[in-house]
Enquirer: 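If you scroll down you'll find the structure; I have some questions about it.
To find a chain, count down the sequence lines: A is the first, B the second, and so on, and within it residues start at 1. Worth knowing before you read on, the calculation uses all heavy atoms, side chains too, and leaves out hydrogens, waters and symmetry mates. What you see is a predicted model; the values in this text were computed from it and never measured.
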Number of protein chains: 2
Amino acid sequence: MAEDAPRRQPTLDEVTELAGVSRSVASRAINNAPHVSRAKREAVERAVRQLGYVPNPTARALATRQTGAAALVVSGEDPSIFADPFFAQVIVGASAALEEADLHLMLCLAASDRSRERVGELLRSKGADGAMLMALREHDPLARMAEEAEMPVVFGGRPVGTTPRWYVDVDNVGGAREATEYLVSRGRTRVAAICGRLDTEVGRARYRGYRDAMLAAGLDPLPPQEGDFTEPSGAAAMAALLANHPDVDGVFAANDNMGAGALRALREAGRVVPVDVAVVGFDDLAVAQIADPPLTTVHQPIAALGREMARMLVALISGQDPTPLILPTRLVTRASA
Amino acid sequence: MAEDAPRRQPTLDEVTELAGVSRSVASRAINNAPHVSRAKREAVERAVRQLGYVPNPTARALATRQTGAAALVVSGEDPSIFADPFFAQVIVGASAALEEADLHLMLCLAASDRSRERVGELLRSKGADGAMLMALREHDPLARMAEEAEMPVVFGGRPVGTTPRWYVDVDNVGGAREATEYLVSRGRTRVAAICGRLDTEVGRARYRGYRDAMLAAGLDPLPPQEGDFTEPSGAAAMAALLANHPDVDGVFAANDNMGAGALRALREAGRVVPVDVAVVGFDDLAVAQIADPPLTTVHQPIAALGREMARMLVALISGQDPTPLILPTRLVTRASA
DNA sequence: CCCATAATTGGAAGCGCTCCCAGAGCGCTC
DNA sequence: GAGCGCTCTGGGAGCGCTTCCAATTATGGG
């Protein structure tokens with residue numbers, strides 16, 4: 001049973017020979033293509049089983065000009081951005097959808113010039129059948145690389161400045177507006193926004209939603225208190241806010257990490273949440289439930305984001321022309337507001 | 001400048017022609033191989049630039065029998081296991097190390113039979129130059145697949161039952177022992193363990209460390225209170241513990257998620273941490289810092305785990321025979337104990 | 001100035017698979 | 001019984017690159 005000769009992988013030709021058919025027939029049989037008689041098909045199947053033959057994906061890729069893989073590129077200036085559990089969920093969704101199309105997932109963390117350069121080469125060399133780009137920042141070189149590459153590309157979230165042809169995004173403006181409206185509806189009038197980096201579209205859009213809601217309610221929006229989406233930056237922003245606007249009674253944080261940071265800063269400053277200050281976050285990650293008090297937050301369908309990106313990419317690869325998609329958010333109320 | 005003809009990628013032959021050299025020379029020049037005169041090398045470089053030539057990785061892969069990619073396989077019975085931020089950090093480390101060797105990262109979430117089958121095929125067909133396997137459970141079919149595939153394979157953590165030839169692991173027993181010893185050293189005598197799934201080696205090893213430390217201190221170890229590494233399971237385990245052993249005064253949780261859950265259950269039961277019950281976790285993820293009170297925990301070098309796995313794999317791929325590695329842990333004391 | 005030696009060079013054979021195409025075989029119809 | 005439209009079949013030409021090898025040219029010592 002066990003040969004331990006230094007055997008190579010068996011090739012199609014060996015199957016061909018054992019089954020007594022031509023290469024074309026063997027190839028067709030293996031790919032379940034038509035025009036193969038029942039007898040030959042079975043002969044091929046038998047030979048395949050006997051030899052333990054597995055098609056060589058590289059050779060197939062060369063012949064078909066399809067690699068069978070899609071890249072998920074996460075930009076950022078250092079790899080720590082990827083530590084955000086957000087991406088893990090995107091991956092879960094994308095991975096599932098790619099699997100349906102029998103594509104493999106290539107993950108590229110484009111956090112250094114070197115790695116960005118490698119991504120560029122991947123795109124230009126058609127090292128994948130398509131790519132999903134996420135977390136692009138302003139003037140991100142990846143945007144141009146993607147444009148120049150003649151490869152299907154789907155954006156996750158819109159990059160700052162331009163609106164790509166194909167993207168999946170979450171309704172950031174709407175979600176932020178809803179969060180702010182909720183705070184206002186609970187009687188808060190001095191509501192501040194701890195926003196994410198304003199060189200990202202998410203950061204801007206969520207601030208815009210806050211501002212719109214404030215203006216619509218006849219309240220004065222405060223200028224953006226910028227953080228970088230991390231917990232410490234949220235705490236720092238909250239501290240700054242308390243220093244400049246001691247009378248703040250509501251806070252909209254542009255994500256849960258910063259919301260959790262704000263909660264901590266408030267606790268350290270002796271403010272009671274939600275009595276003194278109500279806080280709403282964005283994302284609805286695990287941290288929102290674990291936070292104390294649990295964080296009222298804007299839920300966004302993260303796995304669905306990944307899934308839809310992948311589906312859109314698959315559609316693109318198969319020659320269709322899908323339309324961009326904006327996924328809805330919904331407010332999840334917990335104890336913090 | 002901009003041709004918008006439906007141009008294919010330029011091929012080596014076109015470079016060859018433009019530079020006026022043979023294919024061999026062009027190939028050597030492009031790969032920085034020796035035996036190319038200065039003049040021809042420059043001619044090739046010029047042609048490459050002029051044509052915007054990028055080597056086709058698939059063709060190269062077919063010729064060299066090297067795909068230029070390594071797979072990271074995360075097993076599990078459903079994809080949610082991947083939501084654990086643990087993996088994100090492993091990926092950050094692995095990705096960086098692979099980049100140094102100019103390898104791409106293929107991520108496989110093997111959470112269904114279908115996806116496991118695809119991984120098996122990837123392994124058998126040599127669709128990657130090597131693979132890193134993580135989170136294998138007892139009788140995990142991936143173990144056999146990996147064994148049968150003649151492909152370099154590195155394990156992250158040891159699977160239950162067997163000790164693979166190449167692996168990188170964390171000192172789970174030592175870490176758990178240290179955590180328990182610390183609790184004991186703080187005067188706790190009725191220390192319980194909330195352990196992870198006992199069909200994983202991590203779960204077993206951490207319980208073993210707890211038990212060893214208890215026995216060494218002349219205390220009675222409690223039977224394992226099993227959770228599944230999630231926050232809710234930690235809370236449930238803690239509740240069960242309080243019901244069966246109301247006098248418990250110390251808890252070692254096999255990871256931070258469950259530690260956070262225990263904290264919540266204790267709070268809900270009116271116990272004060274660390275006065276009534278001291279709690280120690282394991283992992284030192286972000287949740288440990290955010291928890292209230294902040295969780296004393298066993299820090300493990302997660303990114304380093306990923307990095308070392310990747311390095312070991314690279315060594316294996318390049319024909320070396322590296323030795324298994326066990327990474328040290330260290331206790332980080334915070335307010336919970 | 002000639003020959004041994006080393007550095008370059010280009011031809012050509014793969015790597016393993018897909019797929020176009022022409023030809024063969026076969027059952028019908030008219 | 002010839003002609004037509006099928007389905008099958010296998011030959012062979014790629015896909016784009018690496019690399020072995022024999023041939024060519026450059027180098028240099030005697």
Enquirer: Whether the side chain of B:Q9 engages the backbone of B:P55 through a donor-acceptor N/O pair (distance < 3.5 Å, no angle test) should be reported.
Expert: no
Enquirer: Quick one: are A:L305 and A:M134 in side-chain contact, heavy atoms under 4.5 Å?
Expert: yes
Enquirer: Any luck finding a side-chain donor-acceptor pair between A:T11 and A:D13 under 3.5 Å?
Expert: no
Enquirer: Please list, for nucleotides 12-16 of chain C, all pairs of protein and nucleotide N/O atoms separated by less than 3.5 Å.
Expert:
residue, atom, partner, partner atom, Å
C:dC15, O3', B:R65, NH2, 3.3
C:dG16, OP1, B:R65, NH2, 3.2
C:dG16, N2, A:A59, O, 3.4

Enquirer: Give a yes or no on whether the backbone of A:E150 and the side-chain of A:K126 come within a donor-acceptor separation of less than 3.5 Å.
Expert: yes
Enquirer: Only pairs with both distances under 3.5 Å count, Watson-Crick or wobble alike; so what is the partner of C:dC20 in this structure?
Expert: D:dG11
Enquirer: Please give, in whole Å, the distance from D:dC17 P to A:K126 NZ?
Expert: 13 Å
Enquirer: Using a cutoff of under 3.5 Å, can you pull out all pairs of nitrogen or oxygen atoms linking the protein to nucleotides 6-9 of chain D, with atom names and distances?
Expert:
residue, atom, partner, partner atom, Å
D:dT9, OP1, A:S37, OG, 2.9
D:dT9, OP2, A:S37, N, 3.0

Enquirer: Just how far, in rounded Å, is C1' of D:dT18 from CD of B:Q66?
Expert: 12 Å
Enquirer: In whole Å, what is the span from the CD atom of B:E42 to the P atom of C:dT8?
Expert: 14 Å
Enquirer: Counting distance only, does the side-chain N/O of A:W166 pair as donor-acceptor with the main-chain N or O of A:P322 below 3.5 Å?
Expert: yes
Enquirer: Rounded to whole angstroms, how far apart are CG on B:D13 and C1' on D:dA13?
Expert: 15 Å
Enquirer: Can a donor-acceptor pair be found between the side chains of A:S27 and A:S24 at a distance below 3.5 Å?
Expert: no
Enquirer: When you measure from the side chain of B:R28 to the backbone of B:R41, do you find a donor-acceptor pair of N or O atoms at a distance under 3.5 Å?
Expert: no
Enquirer: Which pair of heavy atoms, one from A:K40 and one from A:V36, lies closest together, and at what distance?
Expert: CB-CG1, 4.2 Å
